[in-house]
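Reviewing the structure listed below.
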Amino acid sequence: MIFRLNAKTKLRSLGFIVSAGLVACSGESNDTSTPAQTISEVTFASQAEAGATAFAANCAACHGVNLEGTTLGPLLSGNAFLQRWATQTPTLLLNNIRANMPPGGNEGISDEDYLHMVAHILDVNGVDGATAALIASTDFIIAENISRIANRLRRQPESPQGITIAGTVENFVPVTDAMLENPAPGDWPMHRRDYYAHSYSPLDQINTENVRSMTLKWVWSMHDGDSEPAPLVYDGIIYMINPGNVIQALDGATGELIWENWSGPANRQDMRNIAIYNDKIIQATTDARIVALDARTGEQVWEVAVADSSKGFSNSSGPIIADGKIILGLAGCARYIVEDCYISAHDANTGELVWRFNTIAKVDEPGGDTWGDLTNIFRAGGETWITGSYDPELKITYWGTAQQKPWVPVSRHLSINDAGLFTNSTVAIDVNTGELNWFFQHVPAEALDLDEVFERVLVNRGDEKFVFSVGKYGILWKNDRVTGEFKGFKETVFQNAFTHIDPVTGAVTYREDIQNAQLDEWTSACPSSAGGKDWHSMTYHEPSGTLIIPLSQTCLENAAREVALVQGGGGLAASRKFFEMPGSDGNMGKLGAYNVDTLEEIWNYQQRASFHTGTMSTAGNLVFVGDLDRRFRAFDVRNGDILWETRLGTSVQGHPVSFSVDGKQYIAVNTALGGTSPRTVPSVIAPEITYPRTGNALYVFSLPD
């Protein structure tokens, strides 16, 4: 339902349980605890030695034997780790790991094991071996206990900064607000191409009649690391974000590199998209800065901090430029600290802050009474880690917010009746003032790590204006985008978390066992944390009035972990196992097409491999999508028939785009690695699907000359 301020959610449901399945990234093993030692025998060195064994058994499958990271988990050593943890204490690191890792559950892992694993991680990162044995309350600053000798030995080569390849985009014409409101047909000037987030190209040179002749024109290898890229194209130039906060400008017709800039930090973290405005490329960085680069040369023009990265704040998606403002969200908001998540707007020419909208309601603020008795510091979550959309006529920007943290009400010391505004909502914000116009909370008091943060697609049907969204529950929501009024819903995949969704208000009713779930109590539900739908954006094919959505069909078991209400604590705090969705015949991937007027499913296509790109449709009645099993395909928008396909170097991942140069249409897509649930779940459900563990690249196709 639409929530006006101070509203609370009243939920009720009936019980139902599904059978359970497999463990993800837990490294199942026998007891890994070390033999008992007397107090006098325990040293930091002995703890680190025991921790190496425990880490190998429980963590190495995701984070690497040498803490080097894999496609399933981030690295835990070197500069990237220290940028996050050097200013923190061993106690905070211990609490974070114990509450959140491994994701498949921590049965058989003792408190002593966790302490030993922290010692091992600190030892690998150069903490002095003369340090006293760790205890649960050890509170030294990690950076202050890193041995100078060890630091010299482990020092990594300095990463490049600034321009590494120099060049100039010739005859560049600055990008205006009018050009963004009505993009040229051959351009793709923002994430999902237009303000309405349609991911639709008006080009039709490549169409259902000739797509079978489409061939590869060129390939560009990208930097290694996690990547879910969304290139933008303006006047024949492709601007693309690489892992490590590296921006490149490429000639769209030939694939020649024009310039490259390293904004840092040079880590493996993912960043999805960038923006263009006036004569600048606007980049959000993984350490929560905004950087403006000269679009002609790549030279940095200015930078500003959005949030303090030392406190865990980050970005994984870039901004949208609306009415001369850079508007972007924020991630990394799961910890119990004074600062909370917000959406912020900055002057597009200077980076100066214009406004902020806090997604967590404080005590004594409107919506503040929906967090039970929790004080402000213990209210966490509400990330906005997927880029929003914008209606330039209404001057409203639309964003999805993530759920409360930790993931389960009992872990956050709340009940299923504590809705937690403004989490798991659509928020409609005045682009000039930052004031909340309206909001609709899709899933109050979310309990299963199934957030509603993804893209908001804006659709006009006659005089009516709608906003559509799909979250991890796989429910397609339809709201009036002027008022927020609920207009309808459609379940796109099997779900059994809710026993009822009110057809008039949209209010959801959880199953009784989910409402009452206690600590360490396994609860099964469908879909899993891979979705339903995740970050892979849907497309709106306006000529047919159809949304084509990349969906996922898996389920999970979820168990809440205990989280203390202590400053610096928090986290996600749930164990998870994954299994196939009933009725799916083992098919994780589903492509579904839905009529925006009736919400009726028009067609669907299902397959074993999960889809790992967004969908992109064109005026040629085609929809493009790529998958985990390296296939990139073109479907007929009208009936779901496969008209063309190819197999690429590794998993196809990112956001396809279409553009034209000198009258010739091109289709571009990335291969990439990394990601969380959309990667870990398929590795459990379908381990037979294999792909190279390197191969980030951009592939560009067109019709024969």
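What you see below is based on every heavy atom in this structure, not just the backbone, and it leaves out hydrogens, waters and symmetry mates. Along the sequence shown, the residues carry numbers beginning at 1.
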Within the 6.0 Å centroid threshold, strictly below: [X] and [Y]:
| X | Y | answer |
| --- | --- | --- |
| W302 | H346 | no |
| W188 | Y200 | no |
| Y540 | F468 | no |
| H655 | W535 | yes |
| Y239 | Y234 | no |

Can you tell if the side chain of [X] reaches within under 4.5 Å of the side chain of [Y], non-hydrogen atoms only?
| X | Y | result |
| --- | --- | --- |
| F659 | Q665 | no |
| I238 | L698 | yes |
| L622 | D636 | no |
| Q441 | F422 | no |
| I549 | Y594 | yes |
| T426 | R456 | yes |
| V306 | R289 | no |
| L180 | V175 | yes |

Less than 4.0 Å between a side-chain N and a carboxylate O, is that true for [Y] and [X]?
| X | Y | value |
| --- | --- | --- |
| E393 | K395 | no |
| R193 | D187 | no |
| D391 | R481 | yes |
| K664 | D662 | no |
| K472 | D534 | yes |

Give me the atom names and distance for the closest heavy-atom approach of [X] to [Y].
| X | Y | answer |
| --- | --- | --- |
| I241 | M222 | O-CE, 3.6 Å |
| I326 | P319 | CG2-CB, 3.5 Å |
| C341 | G382 | CB-O, 3.7 Å |
| V669 | P656 | CG2-CG, 4.0 Å |
| S658 | Y666 | OG-O, 3.0 Å |
| S544 | V637 | OG-CG1, 3.7 Å |

Would K280 and N349 count as having a side-chain donor-acceptor pair, cut-off 3.5 Å?
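No, no side-chain donor-acceptor contact under 3.5 Å.
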
Compute whether any side-chain donor of one residue and acceptor of the other, for T397 and W399, lie under 3.5 angstrom apart.
yes

Whether the side chain of [X] engages the backbone of [Y] through a donor-acceptor N/O pair (distance < 3.5 Å, no angle test) should be reported.
| X | Y | answer |
| --- | --- | --- |
| N479 | G484 | yes |
| N437 | A428 | no |
| N242 | N245 | no |
| K590 | T492 | yes |
| S425 | V427 | no |
| S660 | G663 | no |
| S227 | G225 | no |

Return the orientation label for the Y699 and F701 ring planes: parallel under 30°, perpendicular over 60°, tilted otherwise.
parallel

Just say parallel, tilted or perpendicular for the rings of F635 and F611, cut-offs at 30° and 60°.
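It falls in the perpendicular class, over 60°.
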
Take N432 and W355, measure what side chain to side chain donor-acceptor pair (under 3.5 Å) needs, and give me the verdict at the end.
CA-CA 8 Å; N432 291 317; W355 53 255; over 6 Å; no

Determine whether E452 and K533 satisfy the following criterion, salt bridge (Lys or Arg N to Asp or Glu O under 4.0 Å), listing intermediate values before the conclusion.
CA-CA 9 Å; E452 298 282 338; K533 184 185 171 300; over 6 Å; no

Step by step, would you call F632 with F624 a ring pair (Phe, Tyr, Trp, His ring centres under 6.0 Å)?
CA-CA 7 Å; F632 183 49; F624 292 87; 5.8 Å; yes

Give a yes or no on whether E181 atom CD has more than 12 heavy-atom contacts from other residues, nucleotides or ligands under 6.0 Å away.
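Yes - once you tally the heavy atoms of other residues, nucleotides and ligands closer than 6.0 Å, there are more than 12.
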
